Amino acid sequence: MLKIHTSLTKCKQNFVPLTPNKVTLSVCGMTVYDYCHLGHARVMIVFDMVVRWFRVSGFDVTYVRNITDIDDKIIKRAQENNETIEILTARFIRAMDEDAASLGVLPPSYEPRATQYVEKMISMIQVLMDKDIAYAASNGDVYYAVSRFPGYGKLSGKVSADLYAGERVTVDPYKKDPLDFVLWKAVKSNEPCWTAPWGKGRPGWHIECSAMCEHYLGNHFDIHGGGQDLQFPHHENEIAQSEAAHDAPFVNYWMHNGFVRIDNEKMSKSLDNFFTVREVLACYQPEVVRFFILRAHYRSPLNYSDGHLEDARHSLDRLYTALKGSVEIAKKTLDWNDPHAKRFMEAMDDDFNTPEAIAVLFDLANETNKTGMRKGAILLKSLGGVLGLLQQDPQQYFQNKVVIGDSSFTTEHIEQLIQHRIAARETGNYTKADHIRKELLDAGITLEDSPQGTTWRRG
RNA sequence: GGCGGGGUGGCAGAGUGGUUAUGCAGCGGCCUGCAAAGCCGUGUACGGCGGUUCGAUUCCGCCCUUCGCCUCCA
């Protein structure tokens, strides 16, 4: 039985879907005004893993990962670049999809954009106004009156009385209560806007998720996820909006993944300590990045450094080494009664414990190396596939690694040197043979002699 | 200030009231012309102080420390 940790109760609970064998899942995607950084990559990879596991477990998953394509930062960036927000956001949506694809992240069922659902947001805001939960201020903004929603704070554990709003930011004078948040921003000059019954403007951030969730998943769905930093206020506000508008519960399980850190600090745009996915992929294979992220539990903080990625690469090498020579693995259905598979399943069912699941992979690799049995390699590849790993041809994995230093060693050149070395060895000229090997090693290429011949790999 | 999550062997990172996590790195051995890979062997790790217990890294309390949220943020 699958257990999921939900932020609502801060403990693991048995997963019981609203509809048998179906999962409705929404994850807050990104605001598209720049390239994805590793923090975004973590969200995408983690929930991709979650979706894959649900599917393997026999669930029919509807996965919505929405895109924020209208907000202050987007408007600002478009103005700086002297381009329209449509052109700006289209570019970064494309970049995001490319990054996701290279990291082995399967496309979500739906990837809606906020600007396509403004009508829906307007009608939702209208419902809240009709219920006297939202109010229009004299400046044209529309706010949500937090005091009108009794459940406010149930997700984040923040009690209204403790939220001394105004302690750290200047209070918006148009709010009736400092805790109130904006649903609709009145239009300012030169900004894109939509027409609403109470005036022109654009939606606030939180309402878009409530609207898109309602559209794709209904008033009440199974799981909502995102980065830890969205728990408050974003998700708390979503609950307030949706539950007040629908008079129904919103989400049963809230999943929040931990941050990626640099030097023990949260990776973020404001701290300017982030690495984009593209920067990292210039030096490491995408699968190494995916492996690096999955080898930590999704709720734990994950420190990023070159050293850690290097470490992950060596670990992944070990797994692929065990797969060598087993390229022609037939597509077989997984035997979940196998002790290793069973252990893997138990780990995954325990709140998606991928570190433990990956430990099973290493045990399997060891057994495969020891016995030389193809059965182990087949299972290893199959279980790896459940996590979106180990699906490359091993030779390709070892030979197509990202070349950082000397790229003058082409495959032909390498093969040629290997032939020279073989000739030298046959005549007992080990000095020459070792010299060639050293030359290749200095270029980052390792040779491996075996009774079957000489093979090479990068790294 | 309020609230919340952490502190595990050289590094990364799971887990558990008593018995090997796992990986990387290191050391010794086997294999090899020598290597590499692999295999075998190898490390008195659980922040501090009390408490509960036959027994705690694991439960409880306090302390230290660290990170995060409370403002945009995945």
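Just so we're clear, the structure is a prediction, and the values are computed from it rather than from any experiment. Chain identifiers are assigned alphabetically (A, B, ...) following the order of the sequence lines, protein sequences preceding nucleic acid strands; residue numbering begins at 1 within each chain.
At the phosphate of G38(B), neither OP1 nor OP2 sits under 4.0 Å from any side-chain N or O atom of Asn366(A). At the phosphate of C73(B), OP1 or OP2 sits under 4.0 Å from a side-chain N or O atom of Trp205(A). A close approach under 4.0 Å does occur between a side-chain nitrogen or oxygen of Arg318(A) and OP1 or OP2 of G38(B). His40(A) has a side-chain polar atom (N or O) that falls below the 4.0 Å cut-off from OP1 or OP2 of A74(B). One finds no side-chain N or O of Ser450(A) lying less than 4.0 angstrom from the OP1 or OP2 phosphate oxygen of A37(B). Listed pair Lys266(A) / C69(B) meets the phosphate criterion, a side-chain N or O lying under 4.0 Å from OP1 or OP2. Here Lys370(A) reaches the OP1 or OP2 of C40(B): one of its side-chain N or O atoms lies under 4.0 Å away. Distances shown here put a side-chain N or O of Asn369(A) below 4.0 Å from the OP1 or OP2 atom of C39(B).
Within the 4.0 angstrom heavy-atom criterion, no nucleotide atom of any strand lies near Thr455(A). When heavy atoms are screened at a 4.0 angstrom cut-off, Met44(A) is found touching no nucleic acid atom at all. Using a 4.0 Å heavy-atom cutoff across all strands shown, Thr446(A) reaches sugar-phosphate atoms only and no base atom. At the heavy-atom level, Asp449(A) lies under 4.0 Å from base atoms of the strands shown. Arg437(A) comes within 4.0 angstrom of a nucleotide base, judged by non-hydrogen atoms across all strands.
As a whole-Å value, the separation of Lys73(A) NZ from C73(B) P is 5 Å. At whole-Å resolution of the value, CG in Asn353(A) and C1' in G15(B) are 8 Å apart. Following rounding to the nearest Å, Arg343(A) (CZ) and U16(B) (P) show an atom-to-atom distance of 14 Å. Taking atom CE on Met373(A) and atom C1' on G38(B), their separation rounds to 17 Å, with Å as the unit. When rounded to the nearest whole Å, the span between OH of Tyr152(A) and P of C70(B) equals 11 Å. Protein atom CG of Leu155(A) is 13 Å distant from nucleotide atom P of C70(B), rounded to whole Å. In this structure, CZ of Arg421(A) is placed 12 Å from P of G33(B), rounded to the nearest angstrom. As rounded to whole Å, 20 Å separates atom P of G4(B) from atom CG of Leu230(A).
Taking only side-chain atoms of Val260(A), from C-beta outward, the nucleotide of A74(B), G2(B), A37(B) with the closest atom is A74(B). Counting only heavy atoms from C-beta on, Ser300(A) has its side chain closest to A14(B) among C73(B), A74(B), A14(B). The side chain of Ser315(A) has G23(B) as its nearest neighbour among G2(B), A14(B), G23(B). Distance from the side chain of Asp229(A) is smallest to A74(B) among A12(B), A74(B), G2(B).
The backbone N or O of Leu103(A) sits less than 3.5 Å from a side-chain atom of Arg290(A), completing a donor-acceptor pair.
Ring pair Tyr253(A)/Phe15(A) is tilted by interplanar angle, where 30° to 60° counts as tilted.
For Ser7(A), the side chain to side chain donor-acceptor pair (under 3.5 Å) partners at least two apart in sequence or on another chain are His256(A). For Tyr117(A), the side chain to side chain donor-acceptor pair (under 3.5 Å) partners two or more places apart in sequence, or in a different chain, are Tyr216(A).
For Tyr63(A) and Tyr110(A), the gap between ring centers reaches or exceeds 6.0 Å.
Stacking between Phe362(A) and the base of G23(B) is absent under the criterion of ring centres within 5.5 Å and planes under 30 degrees.
Ion pair Asp442(A)/Lys438(A) flagged as a salt bridge, since at least one NZ, NE, NH1 or NH2 atom sits closer than 4.0 Å to an Asp/Glu carboxylate oxygen.
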